[in-house]
Amino acid sequence: QVQLVESGGGLVQAGDSLRLSCGASGRTPSIYAMGWFRQAPGKEREFVAAITWRGGSTTYADSVKGRFIISRDNAKNTVYLQINSLKPEDTAVYYCAADLNFGVGRRTVDYNYWGQGTQVTVSS
């Protein structure tokens, strides 16, 4: 089992920056990659970014390239999502997820464990 806890969400204004954190515990040595997803009201959960746990290789959704930065601190078992130049359309619940399988997926079914999510609301 892997437990994930997100934090760092909140109400911000357009143009602001925010850093989300996701702390992992449990079977962390089994993690291959960590991902961030988001889900806006009435929409499906969508992939945002992912990072391999050991090598630190990253991949991003095209819609967030250049504004979002995913990183990890293995010593702290924590993954971060830096969000810059926030837009109202970034409003969503942001989830982190752990993938125990080889390969970095972009689908929700590729991930084995999920956090409870953290709300990000961007006002215009």
Side-chain angles (χ1 to χ4, degrees):
Q1 291 277 0
V2 175
Q3 294 78 40
L4 303 172
V5 179
E6 302 97 334
S7 61
L11 174 61
V12 296
Q13 293 188 335
D16 286 350
S17 296
L18 205 60
R19 189 177 79 160
L20 307 181
S21 300
C22 174
S25 60
R27 291 177 55 197
T28 55
S30 299
I31 296 173
Y32 182 82
M34 294 287 292
W36 283 98
F37 288 74
R38 66 184 180 183
Q39 188 167 18
K43 295 188 177 181
E44 293 188 353
R45 194 170 298 188
E46 65 172 353
F47 172 78
V48 172
I51 187 167
T52 56
W53 195 239
R54 290 180 174 78
S57 296
T58 59
T59 185
Y60 296 91
D62 289 343
S63 60
V64 305
K65 280 182 181 176
R67 291 196 301 124
F68 288 31
I69 302 171
I70 188 171
S71 61
R72 90 267 188 254
D73 185 333
N74 293 91
K76 296 182 179 180
N77 285 335
T78 300
V79 174
Y80 304 98
L81 185 68
Q82 177 72 34
I83 310 175
N84 300 317
S85 302
L86 277 153
K87 304 176 181 180
E89 51 263 43
D90 293 322
T91 294
V93 177
Y94 284 73
Y95 298 89
C96 71
D99 181 359
L100 274 56
N101 304 303
F102 180 79
V104 181
R106 292 174 172 241
R107 307 172 302 166
T108 56
V109 296
D110 294 326
Y111 291 79
N112 306 96
Y113 297 97
W114 293 83
Q116 82 289 348
T118 185
Q119 176 72 48
V120 173
T121 303
V122 185
S123 63
S124 57

Q. Can you tell me if CD on Glu44 sees more than 12 non-hydrogen neighbours from other groups inside 6.0 Å?
A. no
Check: residues 117-124 side-chain donor-acceptor pairs under 3.5 Å, at least two apart:
residue: Thr118; atom: OG1; partner: Gly9; partner atom: N; Å: 3.1
residue: Gln119; atom: NE2; partner: Ala92; partner atom: O; Å: 3.4
residue: Gln119; atom: NE2; partner: Thr121; partner atom: OG1; Å: 3.3
residue: Ser123; atom: OG; partner: Val12; partner atom: O; Å: 3.3

**Q.** Pairs flagged by salt bridge (Lys or Arg N to Asp or Glu O under 4.0 Å) wherever residues 75-89 is involved - sequence neighbours left out
**A.** none
Q) salt bridge (Lys or Arg N to Asp or Glu O under 4.0 Å): which pairs involve residues 109-124, sequence neighbours left out? A)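 Listed by first then second residue: Arg107-Asp110.
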Q. Within the distance-only criterion (no hydrogens, no angle test), does the side chain of Gln116 pair as donor or acceptor with the backbone N or O of Val5 below 3.5 angstrom?
A. no
**Q.** All pairs passing disulfide (SG to SG under 2.5 Å) where residues 24-94 contributes a residue, at least two apart
**A.** none
Q: Determine which pairs satisfy disulfide (SG to SG under 2.5 Å) with at least one residue from residues 30-82, sequence neighbours left out, and list them in order.
A: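 Qualifying pairs, neighbours excluded: none.
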Q. Val104 and Ala33: which non-hydrogen atoms are nearest, and at how many Å?
A. CG2-CB, 4.2 Å
Q | hydrophobic_cluster_shared for Leu20 and Ile70, side chain cutoff 4.5 Å | A |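 In one cluster: yes.
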Q | Hydrophobic cluster identity match, Trp114 and Leu81, side-chain contacts under 4.5 Å | A | no
Give, for atom [atom1] of [X] and atom [atom2] of [Y], the distance between the pair rounded to the nearest 0.5 Å.
X     : Y     : atom1 : atom2 : result
Met34 : Tyr80 : CE    : OH    : 11.5 Å
Phe68 : Trp36 : CZ    : CH2   : 11.0 Å
Leu18 : Gln82 : CG    : CD    : 8.0 Å

Report all side-chain donor-acceptor pairs from residues 48-55 shorter than 3.5 Å, counting only partners two or more places apart or in another chain.
residue: Thr52; atom: OG1; partner: Gly56; partner atom: N; Å: 2.9
residue: Thr52; atom: OG1; partner: Ser57; partner atom: N; Å: 2.8
residue: Arg54; atom: NH2; partner: Pro29; partner atom: O; Å: 3.0

Show the atom names and distances, to 0.1 Å, of all donor-acceptor pairs under 3.5 Å that link a side chain in residues 93-101 to residues at least two apart or in another chain.
residue: Tyr94; atom: OH; partner: Arg38; partner atom: NH1; Å: 3.0
residue: Tyr94; atom: OH; partner: Asp90; partner atom: O; Å: 2.6
residue: Asp99; atom: OD1; partner: Asn101; partner atom: N; Å: 2.8

Q. Does any non-hydrogen side-chain atom of Val2 lie less than 4.5 Å from one of Asn112?
A.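 The answer is no; the side chains never approach within 4.5 Å.
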Q: Not counting sequence neighbours, list each pair that qualifies as a side-chain hydrogen bond (donor to acceptor under 3.5 Å, both in side chains) and has a residue in residues 7-23.
A: Ser17-Asn84
Q: Could you list who else is in Val109's hydrophobic cluster, with ILVMFWY side chains joined at under 4.5 Å, directly or through other members?
A: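 When side chains under 4.5 Å apart are linked, Val109 ends up in no cluster with other residues.
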Q | salt bridge (Lys or Arg N to Asp or Glu O under 4.0 Å) against Lys43, all qualifying residues, sequence neighbours excluded | A | none
Q.
Just to verify, what does Gln1 make a side chain to side chain contact (heavy atoms under 4.5 Å, CB included) with, not counting sequence neighbours?
A.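 Checked Gln1 against side chain to side chain contact (heavy atoms under 4.5 Å, CB included); matches are Gln3, Tyr113.
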**Q.** Set of residues satisfying side chain to side chain contact (heavy atoms under 4.5 Å, CB included) with respect to Arg106, sequence neighbours excluded
**A.** Phe47, Thr59
